[in-house]
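No experiment lies behind these values; they were computed from the predicted model shown. Within every chain, numbering begins at 1; the chains are lettered A, B, ... in the order of the sequence lines, protein sequences first and strands thereafter.
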Amino acid sequence: MKLRAPPTSEDELFQRARRLAGRDLSWLAKRLDRPVPPDLKHDKGWIGHRLEEALGATAGNLADCDFPKLGIELKTLPTDENGKVSGSTFVCGAPYDGGGGRHWESCWVRKKLHRVLWVPIVGGGYVGSRRIGTPLMWTPDAEEEAILSADYTELARILHSGELDQISGKRGQALQLRPKALHGDQTTWMLDDEGEWARAMPRAWYLRAKFTRRMLEKAFLL
DNA sequence: GTGTGATCATCT
DNA sequence: AGATGATCACAC
(Lines give C-alpha, C1' and ligand atoms only; values in the text may rest on other atoms or scores of the structure.)
Protein backbone atom coordinates (compact mmCIF):
# COMPACT_ATOMS: atom_id res chain seq x y z
CA MET A 1 0.00 0.00 0.00
CA LYS A 2 1.27 3.40 -0.91
CA LEU A 3 0.24 6.22 1.38
CA ARG A 4 -0.38 9.56 -0.20
CA ALA A 5 1.75 12.41 1.05
CA PRO A 6 -0.12 14.65 3.48
CA PRO A 7 -1.75 17.67 1.86
CA THR A 8 0.13 20.91 2.47
CA SER A 9 -2.86 23.20 2.68
CA GLU A 10 -6.50 23.14 3.63
CA ASP A 11 -7.47 23.86 0.06
CA GLU A 12 -5.41 20.98 -1.28
CA LEU A 13 -7.02 18.64 1.22
CA PHE A 14 -10.49 19.83 0.29
CA GLN A 15 -9.83 19.44 -3.42
CA ARG A 16 -8.67 15.89 -2.86
CA ALA A 17 -11.88 15.13 -1.00
CA ARG A 18 -13.94 16.76 -3.75
CA ARG A 19 -12.36 14.56 -6.38
CA LEU A 20 -13.49 11.47 -4.45
CA ALA A 21 -17.10 12.62 -4.33
CA GLY A 22 -19.43 10.46 -6.40
CA ARG A 23 -17.20 7.40 -6.30
CA ASP A 24 -18.29 4.32 -4.43
CA LEU A 25 -16.26 2.43 -1.87
CA SER A 26 -15.56 -0.50 -4.21
CA TRP A 27 -13.77 1.95 -6.47
CA LEU A 28 -11.83 3.41 -3.55
CA ALA A 29 -10.86 -0.01 -2.20
CA LYS A 30 -9.56 -1.11 -5.57
CA ARG A 31 -7.56 2.09 -5.92
CA LEU A 32 -6.02 1.44 -2.49
CA ASP A 33 -5.52 -2.24 -3.24
CA ARG A 34 -7.71 -3.30 -0.35
CA PRO A 35 -10.45 -5.94 -0.25
CA VAL A 36 -13.96 -4.76 0.58
CA PRO A 37 -15.24 -6.52 3.72
CA PRO A 38 -18.66 -8.23 3.43
CA ASP A 39 -19.88 -6.02 6.28
CA LEU A 40 -18.41 -3.86 9.03
CA LYS A 41 -19.24 -6.13 11.96
CA HIS A 42 -15.63 -7.02 12.52
CA ASP A 43 -14.03 -3.87 11.13
CA LYS A 44 -16.12 -0.89 12.08
CA GLY A 45 -13.40 1.61 11.30
CA TRP A 46 -12.84 0.33 7.76
CA ILE A 47 -14.45 3.23 5.94
CA GLY A 48 -12.73 5.84 8.07
CA HIS A 49 -9.35 4.20 7.58
CA ARG A 50 -9.77 4.03 3.80
CA LEU A 51 -10.61 7.74 3.65
CA GLU A 52 -7.57 8.50 5.77
CA GLU A 53 -5.39 6.60 3.31
CA ALA A 54 -6.95 8.22 0.28
CA LEU A 55 -6.59 11.74 1.64
CA GLY A 56 -3.11 11.33 3.11
CA ALA A 57 -3.92 11.55 6.81
CA THR A 58 -1.06 10.88 9.17
CA ALA A 59 -1.06 7.18 10.02
CA GLY A 60 -1.00 5.92 13.57
CA ASN A 61 -1.10 9.33 15.19
CA LEU A 62 -2.42 9.44 18.71
CA ALA A 63 -4.48 12.04 20.53
CA ASP A 64 -4.01 14.48 17.70
CA CYS A 65 -5.77 15.69 14.58
CA ASP A 66 -5.65 13.68 11.39
CA PHE A 67 -3.81 16.55 9.77
CA PRO A 68 -1.76 18.06 12.62
CA LYS A 69 -0.03 20.60 10.43
CA LEU A 70 -3.35 21.91 9.16
CA GLY A 71 -5.23 21.51 12.44
CA ILE A 72 -7.97 19.60 10.67
CA GLU A 73 -9.88 16.54 11.80
CA LEU A 74 -11.29 14.09 9.23
CA LYS A 75 -14.61 12.39 9.92
CA THR A 76 -16.88 10.24 7.83
CA LEU A 77 -20.60 10.76 8.27
CA PRO A 78 -23.05 7.96 7.44
CA THR A 79 -26.16 9.14 5.57
CA ASP A 80 -29.13 7.54 3.85
CA GLU A 81 -29.74 7.83 0.09
CA ASN A 82 -31.08 11.35 0.57
CA GLY A 83 -28.05 12.60 2.42
CA LYS A 84 -29.77 12.52 5.80
CA VAL A 85 -27.33 11.68 8.58
CA SER A 86 -28.17 8.24 9.92
CA GLY A 87 -25.89 7.81 12.90
CA SER A 88 -24.00 9.44 15.71
CA THR A 89 -20.39 10.54 15.41
CA PHE A 90 -17.62 9.51 17.76
CA VAL A 91 -15.58 12.51 18.92
CA CYS A 92 -13.05 11.35 21.51
CA GLY A 93 -12.66 9.50 24.76
CA ALA A 94 -14.09 10.91 27.97
CA PRO A 95 -11.86 10.17 30.96
CA TYR A 96 -13.51 10.51 34.33
CA ASP A 97 -11.16 13.26 35.40
CA GLY A 98 -13.04 15.58 33.13
CA GLY A 99 -11.58 14.74 29.72
CA GLY A 100 -8.71 17.08 29.06
CA GLY A 101 -10.17 19.77 31.27
CA ARG A 102 -13.49 20.65 32.75
CA HIS A 103 -13.80 23.83 30.79
CA TRP A 104 -15.10 24.02 27.25
CA GLU A 105 -12.49 26.55 26.22
CA SER A 106 -9.63 24.15 26.77
CA CYS A 107 -11.14 20.69 26.30
CA TRP A 108 -10.37 18.01 23.75
CA VAL A 109 -13.87 18.06 22.32
CA ARG A 110 -13.62 21.70 21.32
CA LYS A 111 -10.15 21.23 19.91
CA LYS A 112 -11.30 18.23 17.86
CA LEU A 113 -14.37 19.98 16.51
CA HIS A 114 -12.77 23.34 15.77
CA ARG A 115 -12.05 22.42 12.16
CA VAL A 116 -13.50 19.24 10.63
CA LEU A 117 -13.54 17.85 7.12
CA TRP A 118 -16.81 15.92 6.96
CA VAL A 119 -17.06 13.25 4.28
CA PRO A 120 -20.60 11.90 3.92
CA ILE A 121 -20.87 8.19 3.14
CA VAL A 122 -24.13 7.78 1.28
CA GLY A 123 -26.30 4.69 1.48
CA GLY A 124 -26.40 1.53 3.56
CA GLY A 125 -26.19 -2.14 2.77
CA TYR A 126 -23.19 -3.64 1.02
CA VAL A 127 -20.13 -1.58 1.94
CA GLY A 128 -18.73 -1.45 -1.59
CA SER A 129 -21.87 0.12 -2.98
CA ARG A 130 -21.92 3.03 -0.53
CA ARG A 131 -20.84 6.28 -2.15
CA ILE A 132 -18.59 9.14 -1.13
CA GLY A 133 -20.58 12.35 -0.87
CA THR A 134 -19.78 16.03 -1.22
CA PRO A 135 -17.30 17.01 1.50
CA LEU A 136 -17.78 19.87 3.95
CA MET A 137 -15.04 21.89 5.60
CA TRP A 138 -16.62 22.98 8.85
CA THR A 139 -16.14 25.13 11.92
CA PRO A 140 -18.98 25.46 14.45
CA ASP A 141 -20.91 28.70 14.04
CA ALA A 142 -21.92 30.80 17.05
CA GLU A 143 -25.15 28.90 17.59
CA GLU A 144 -23.50 25.49 17.35
CA GLU A 145 -20.65 26.56 19.58
CA ALA A 146 -23.09 27.73 22.25
CA ILE A 147 -24.95 24.41 22.24
CA LEU A 148 -21.77 22.38 22.37
CA SER A 149 -20.37 24.51 25.15
CA ALA A 150 -23.51 24.16 27.27
CA ASP A 151 -23.68 20.39 26.77
CA TYR A 152 -20.04 19.92 27.53
CA THR A 153 -20.18 21.99 30.70
CA GLU A 154 -23.09 20.00 32.07
CA LEU A 155 -21.81 16.56 31.10
CA ALA A 156 -18.23 17.20 32.19
CA ARG A 157 -19.55 18.28 35.58
CA ILE A 158 -21.41 14.97 35.94
CA LEU A 159 -18.35 12.99 34.83
CA HIS A 160 -16.20 14.75 37.38
CA SER A 161 -18.74 14.42 40.16
CA GLY A 162 -18.36 10.66 40.12
CA GLU A 163 -22.11 10.09 40.18
CA LEU A 164 -22.06 7.10 37.86
CA ASP A 165 -25.81 6.61 37.79
CA GLN A 166 -26.25 10.13 36.48
CA ILE A 167 -24.26 9.38 33.34
CA SER A 168 -26.61 8.56 30.50
CA GLY A 169 -26.70 8.78 26.73
CA LYS A 170 -30.01 10.57 27.13
CA ARG A 171 -28.36 13.73 28.37
CA GLY A 172 -27.17 16.51 26.09
CA GLN A 173 -28.73 18.28 23.15
CA ALA A 174 -25.86 17.85 20.69
CA LEU A 175 -23.14 16.10 22.66
CA GLN A 176 -23.73 12.87 24.51
CA LEU A 177 -21.76 10.49 26.68
CA ARG A 178 -21.93 6.81 25.72
CA PRO A 179 -20.02 3.61 26.52
CA LYS A 180 -16.85 3.00 24.54
CA ALA A 181 -15.24 -0.37 25.08
CA LEU A 182 -13.99 -3.55 23.51
CA HIS A 183 -16.13 -5.77 25.72
CA GLY A 184 -18.96 -5.31 28.13
CA ASP A 185 -16.72 -6.14 31.04
CA GLN A 186 -14.01 -3.67 30.17
CA THR A 187 -13.45 -1.10 32.89
CA THR A 188 -11.33 1.87 33.72
CA TRP A 189 -10.63 3.65 36.98
CA MET A 190 -12.54 6.60 38.28
CA LEU A 191 -13.13 8.52 41.48
CA ASP A 192 -16.66 7.91 42.72
CA ASP A 193 -18.90 10.43 44.46
CA GLU A 194 -17.23 9.68 47.77
CA GLY A 195 -13.73 10.17 46.44
CA GLU A 196 -12.93 6.46 46.37
CA TRP A 197 -11.33 4.63 43.44
CA ALA A 198 -13.84 2.53 41.59
CA ARG A 199 -14.20 0.59 38.36
CA ALA A 200 -16.47 1.91 35.62
CA MET A 201 -17.17 1.35 31.95
CA PRO A 202 -15.12 3.67 29.73
CA ARG A 203 -17.14 6.39 28.06
CA ALA A 204 -16.70 8.68 25.08
CA TRP A 205 -18.11 11.85 23.59
CA TYR A 206 -20.43 11.58 20.60
CA LEU A 207 -22.33 14.03 18.43
CA ARG A 208 -25.99 13.24 18.01
CA ALA A 209 -27.26 12.62 14.49
CA LYS A 210 -29.72 15.46 14.97
CA PHE A 211 -26.87 17.89 15.31
CA THR A 212 -24.83 16.77 12.30
CA ARG A 213 -28.01 16.44 10.25
CA ARG A 214 -28.82 20.10 10.88
CA MET A 215 -25.21 21.01 10.17
CA LEU A 216 -25.35 19.44 6.71
CA GLU A 217 -28.70 21.07 6.01
CA LYS A 218 -27.30 24.47 6.86
CA ALA A 219 -24.35 23.90 4.58
CA PHE A 220 -26.10 22.40 1.56
CA LEU A 221 -29.67 23.66 1.59
CA LEU A 222 -29.07 27.31 2.34
C1' DG B 1 -4.69 0.22 29.15
C1' DT B 2 -5.57 4.35 26.02
C1' DG B 3 -5.74 6.17 21.75
C1' DT B 4 -7.52 5.95 16.80
C1' DG B 5 -11.54 4.57 13.43
C1' DA B 6 -16.77 3.85 14.11
C1' DT B 7 -21.13 0.58 13.55
C1' DC B 8 -23.90 -3.15 15.64
C1' DA B 9 -27.73 -4.91 18.48
C1' DT B 10 -31.53 -4.09 20.95
C1' DC B 11 -35.20 -1.63 23.12
C1' DT B 12 -38.53 1.71 23.09
C1' DA C 1 -37.42 4.41 12.78
C1' DG C 2 -34.65 6.71 16.16
C1' DA C 3 -31.89 6.50 20.01
C1' DT C 4 -29.15 4.27 23.67
C1' DG C 5 -26.02 0.99 25.24
C1' DA C 6 -22.68 -2.54 23.62
C1' DT C 7 -19.11 -3.96 20.75
C1' DC C 8 -15.04 -4.82 16.92
C1' DA C 9 -10.13 -4.04 14.99
C1' DC C 10 -5.67 -2.11 15.16
C1' DA C 11 -1.50 0.92 16.81
C1' DC C 12 1.32 2.06 20.55
Q: Ignoring the backbone of I47(A), work out which of dT7(B), dG5(B), dG5(C) is nearest its side chain.
A: dT7(B)
Q.
I'd like to know if the side chain of R178(A) pairs up with that of S88(A) as donor and acceptor (distance under 3.5 Å, no hydrogens or angles considered).
A. yes
Q | Phosphate-side-chain proximity, K44(A) and dT7(C), N/O vs OP1/OP2 below 4.0 Å | A | no
Q) Any side-chain N or O of H42(A) under 4.0 Å from OP1/OP2 of dA9(C)? A) yes
Q: Under 4.0 Å between any heavy atoms, over every strand shown, what does G48(A) touch: base, sugar-phosphate, or nothing? Just pick one.
A: sugar-phosphate
Q.
I'd like to know if R203(A) reaches the base of dT2(B) with its side chain, counting only an N/O donor and acceptor under 3.5 Å.
A. no
Q: Could you check M215(A) against W138(A) for side-chain contact (heavy atoms from CB on, under 4.5 Å), going step by step and ending with a plain yes or no?
A: CA-CA 9 Å; M215(A) 175 189 78; W138(A) 176 82; 3.3 Å; yes
Q) Taking CE from M201(A) and P from dT4(C), how many angstroms apart are they, rounded to a whole number? A) 16 Å
(Q) So does S149(A) get a backbone contact from the side chain of T153(A), meaning a donor-acceptor N/O pair under 3.5 Å? (A) yes
Q) Taking atom types as they are modelled, is there a donor-acceptor pair under 3.5 Å from the base of dA3(C) to the side chain of Y206(A)? A) no
Q: State which of dC8(B), dC8(C), dT2(B) makes the closest approach to the side chain of Q186(A).
A: dT2(B)
Q. Starting at the 5' end of DNA chain C, which residue's closest nucleotide do you reach first, S88(A) or K41(A)?
A. S88(A)
Q: Please tell me which of the listed nucleotides, dA3(C), dT7(B), dG5(B), lies nearest to the side chain of P78(A)?
A: dT7(B)
Q.
Under a 4.0 Å threshold between the charged nitrogen and the carboxylate oxygen, would E154(A) count as salt-bridged to R171(A)?
A. yes
**Q.** Proximity to the side chain of R208(A) - top-ranked nucleotide from dC8(C), dG5(B), dA3(C)
**A.** dA3(C)
Q) For dT2(B), does OP1 or OP2 lie under 4.0 Å from any side-chain N or O of T188(A)? A) yes
Q | Rounded interatomic separation in angstrom, taking CZ from R178(A) and P from dA9(B) | A | 15 Å
Q) So what does G87(A) touch, heavy atoms closer than 4.0 Å: a base, only the sugar-phosphate, or nothing? A) nothing
Q. When the distance from NZ of K170(A) to P of dA6(C) is rounded to whole Å, what number comes out?
A. 10 Å
**Q.** Spacing between H49(A) atom NE2 and dT4(B) atom P, to the nearest angstrom
**A.** 12 Å
Q | Proximal nucleotide (of dC8(C), dT4(C), dA6(B)) relative to the L182(A) side chain | A | dC8(C)
Q. Can you check whether H183(A) has a side-chain N or O nearer than 4.0 Å to OP1 or OP2 of dC8(C)?
A. yes
Q.
If I take atom CG in residue L55(A) and atom P in nucleotide dG5(B), what distance separates them, rounded to the nearest angstrom?
A. 13 Å
Q: Taking atom CZ of R199(A) as the centre, report whether more than 12 heavy atoms of other residues, nucleotides or ligands fall under 6.0 Å from it.
A: yes
Q | Short side-chain N/O contact to dA6(B) OP1/OP2 from T76(A), under 4.0 Å | A | yes
(Q) What contact category does P202(A) fall into here, base, sugar-phosphate, or nothing, at under 4.0 angstrom with non-hydrogen atoms? (A) nothing
Q. In terms of side-chain heavy atoms of P179(A), which of dG5(C), dA9(C), dG2(C) is nearest?
A. dG5(C)
Q.
Output the rounded distance in Å from CG (L77(A)) to P (dG5(B)).
A. 14 Å
(Q) Measure CG/D185(A) against P/dG5(C) and give the value in whole Å, please. (A) 18 Å
Q. Taking CG from L177(A) and C1' from dA3(C), how many angstroms apart are they, rounded to a whole number?
A. 15 Å
Q: Check if the side chain of K180(A) and the base of dG5(C) share a donor-acceptor pair of N or O atoms closer than 3.5 Å.
A: no
Q: Measure from NZ or CZ of R50(A) to the centre of the six-membered ring of W46(A) and say whether it is under 6.0 Å with the direction within 45° of the ring axis.
A: yes
